[in-house]
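Have a look at the structure below, then the notes.
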Number of protein chains: 2
Amino acid sequence: MKASLVTIEPNGHSCSDCAVREFAVCSSLDAAELRELEHLGRRVHFAAGQTVFSEEDITTSFYNVLDGVMRLYKLLPDGRRQIVGFALPGDFLGMNISGRHNFSADAIGTVTICQFAKAPFTRFIEDRPHLLRRINELAIRELTQARDHMVLLGRRSADEKVATFLLGWRERLILLKGPIGTVPLPMSRQDIADYLGLTIETVSRTFTKLERLGVIEIIPGGIGLLDAERAGALAAA
Amino acid sequence: MKASLVTIEPNGHSCSDCAVREFAVCSSLDAAELRELEHLGRRVHFAAGQTVFSEEDITTSFYNVLDGVMRLYKLLPDGRRQIVGFALPGDFLGMNISGRHNFSADAIGTVTICQFAKAPFTRFIEDRPHLLRRINELAIRELTQARDHMVLLGRRSADEKVATFLLGWRERLILLKGPIGTVPLPMSRQDIADYLGLTIETVSRTFTKLERLGVIEIIPGGIGLLDAERAGALAAA
DNA sequence: TCCGATTTTTGATCCCGATCAATGACGCCC
DNA sequence: GGGCGTCATTGATCGGGATCAAAAATCGGA
């Protein structure tokens with residue numbers, strides 16, 4: 001029997017053995033609170049390519065990424081797409097003030113998510129200022145990243161964009177999983193292009209150029225960073 | 001005697017008659033709290049072009065814009081500039097997690113600011129979750145704007161960028177001051193260019209083009225919006 | 001293991017917005 | 001009111017990245 005595209009984990013799971021415990025919003029909670037939170041969230045699995053929520057959808061849940069990578073994006077009426085970020089384990093999605101999501105979110109590869117119904121989670125936050133402070137902290141960090149990305153989109157060349165992306169992505173993965181050999185790139189070239197405000201052809205050409213320069217090595221599903229120094233210079237950080 | 005470029009208002013002022021009372025972060029406070037807050041903040045005036053704080057500066061204060069317009073921007077090492085936003089009365093500046101500002105802020109024209117020393121204000125927030133919630137709300141709203149701006153920078157043409165900017169700026173002013181005739185543009189063409197990821201020449205040419213099309217009328221210090229419908233179509237919202 | 005679909009790479013050409021250059025329009029201070 | 005510095009507009013040309021097109025590589029399924 002074929003697995004469904006979206007499956008809810010049937011049996012109990014516990015926050016205490018959660019992989020993203022110290023990265024996620026939950027890091028602000030004590031043991032007792034975690035036990036209470038366990039009853040509010042449920043683990044959900046999404047297959048590659050599935051949409052978790054869409055822009056303009058009414059917000060009914062908040063989401064905590066546990067495993068996998070997601071693309072967060074906005075579409076223009078004519079189909080042009082801008083990816084506003086990639087979500088990794090520990091990222092918290094769904095906060096907004098309009099009551100509607102202001103971007104869409106797809107699973108890239110399979111993804112596991114901890115899903116909280118909006119109302120009970122909002123009530124849970126209510127009298128827990130430390131959790132609110134943690135959420136605020138995550139929002140401010142995202143805001144900082146968003147501003148950095150504006151600089152990239154508005155003022156950097158294609159070469160700088162690609163180099164900056166590769167270094168930044170690598171840095172995030174290292175922060176999450178520790179030192180790594182090669183850099184996995186689970187997203188497609190088109191995703192990278194839509195993240196950097198380029199076309200797929202330009203991204204592909206720039207990858208090839210960087211390889212020719214001996215800065216990277218293109219491997220299936222990722223790249224190897226051969227000359228971090230040189231890459232940093234190209235990124236012009 | 002010539003006025004100094006930065007002046008601190010000498011005598012007492014009161015939050016109760018503050019112009020941005022209902023827009024700002026303070027809208028979450030009751031009368032008693034406002035009276036307490038009064039002692040933490042002081043009004044400061046900046047002359048046109050003055051820098052209020054710079055990127056990488058250690059954050060020693062938070063700022064509440066009371067009057068005037070500010071440009072918020074980031075610089076690349078080689079001088080390229082990206083304006084990440086324009087601050088208007090009611091906007092709250094200075095939140096970050098690194099302890100350093102992550103963008104610079106200049107006064108455009110004269111600006112009045114309500115300045116709070118970081119430590120006492122942080123303490124003031126401490127046991128006032130409603131204020132924290134309000135700050136979080138403002139952060140999330142900015143995040144939404146930041147994502148919209150990413151789409152503009154990454155995926156829109158010059159014409160769309162300019163039209164979108166004019167409509168968005170007009171909308172913000174209307175929200176703040178009610179219906180207006182012409183749209184004042186206190187920032188320079190260079191500021192607009194650095195906000196939209198364009199050059200000053202392209203902005204100027206696009207303005208002229210929109211005027212030739214009968215969409216706007218260029219007047220000293222601003223524009224008149226003659227055909228909002230047409231402008232909206234060009235913006236391709 | 002082979003085949004068809006999809007994704008990625010590479011090549012040729014085009015065009016939008018940047019760059020370079022000059023002129024025009026203010027505002028400001030003596 | 002005249003001269004000067006700054007900012008905005010306009011014109012001519014250039015080039016980086018987009019677009020159009022095709023080949024090559026990779027992947028998934030029978």
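Quantities reported herein were computed from a predicted structural model and do not represent experimental measurements. Chain A is the first sequence line, chain B the second, and so forth, proteins listed ahead of strands; every chain is numbered from 1.
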Exercise. In chain order, what residues pass the side-chain contact (heavy atoms from CB on, under 4.5 Å) check against A236(A), with sequence neighbours excluded?
Worked result: R156(A), E160(A)
Problem set entry | Nearest-angstrom distance from the residue atom NZ of K161(B) to C1' of dA18(C) | 12 Å
Problem set entry | Atom pair distance, as rounded to whole Å: CD1 in I219(A) and C1' in dT7(C) | 17 Å
Problem set entry | Euclidean distance, atom CG of residue D194(B) to atom P of dG17(C) [Å, nearest integer] | 17 Å
Exercise. In terms of the angle between their ring planes, are W169(B) and F86(B) parallel, tilted or perpendicular, with boundaries placed at 30° and 60°?
Worked result: perpendicular
Problem set entry | Test ring-ring contact (aromatic ring centres under 6.0 Å, His included) applied to Y63(B) and F92(B), F53(B), F116(B), the passing residue | F53(B)
For this session: Identify whether any heavy atom of G197(A) sits under 4.0 Å from a base atom; if not, whether one sits that close to sugar-phosphate; answer base, sugar-phosphate or nothing.
Result: sugar-phosphate
Exercise. I218(A) CD1 to dA25(D) P: how many Å, rounded?
Worked result: 13 Å
Problem set entry | Partners passing salt bridge (charged side-chain N to carboxylate O under 4.0 Å, His left out) against R147(A) (at least two apart in sequence or in another chain) | E142(B)
Seminar exercise, completed: For D57(A), the side chain to side chain donor-acceptor pair (under 3.5 Å) test, sequence neighbours excluded, returns none
Exercise. Is the backbone N or O of D106(B) less than 3.5 Å from a side-chain atom of Q50(B), with the two atoms forming a donor-acceptor pair by type?
Worked result: no
Exercise. I192(B) CD1 to dA8(D) P: how many Å, rounded?
Worked result: 8 Å
For this session: Using five pairs at either end of the helix from dT1(C)-dA30(D) to dC30(C)-dG1(D), determine the angle between the two local helix axes and round it to 10 degrees.
Result: 50°
For this session: Kindly say whether V84(A) contributes a backbone atom to a donor-acceptor pair with the side chain of R71(A) at under 3.5 angstrom?
Result: no
Problem set entry | Partners passing salt bridge (charged side-chain N to carboxylate O under 4.0 Å, His left out) against K118(B) (at least two apart in sequence or in another chain) | none
Problem set entry | CD1 on I8(B) to CZ on R42(B), rounded to 0.5 Å | 3.5 Å
Problem set entry | Separation of atom CZ in R155(B) from atom P in dG17(D), rounded to whole Å | 13 Å
Heteroatom pairs (N/O) under 3.5 angstrom, protein to nucleotides 10-16 of chain C:
{"from": "dT10(C)", "atom 1": "OP2", "to": "T208(A)", "atom 2": "OG1", "distance (Å)": "2.5"}
{"from": "dG11(C)", "atom 1": "N7", "to": "R205(A)", "atom 2": "NH1", "distance (Å)": "2.8"}
{"from": "dG11(C)", "atom 1": "O6", "to": "R205(A)", "atom 2": "NH2", "distance (Å)": "3.2"}
{"from": "dA12(C)", "atom 1": "N6", "to": "R205(A)", "atom 2": "NH2", "distance (Å)": "3.4"}

Seminar exercise, completed: Rounded to whole Å, CD1 of I108(B) lies from P of dT6(D) at a distance of 19 Å
Exercise. For S188(A), which contact category applies under a 4.0 Å heavy-atom criterion: base, sugar-phosphate, or nothing?
Worked result: sugar-phosphate
For this session: Would you kindly give the CZ-to-P distance between R189(B) and dC7(D), to the nearest whole Å?
Result: 13 Å
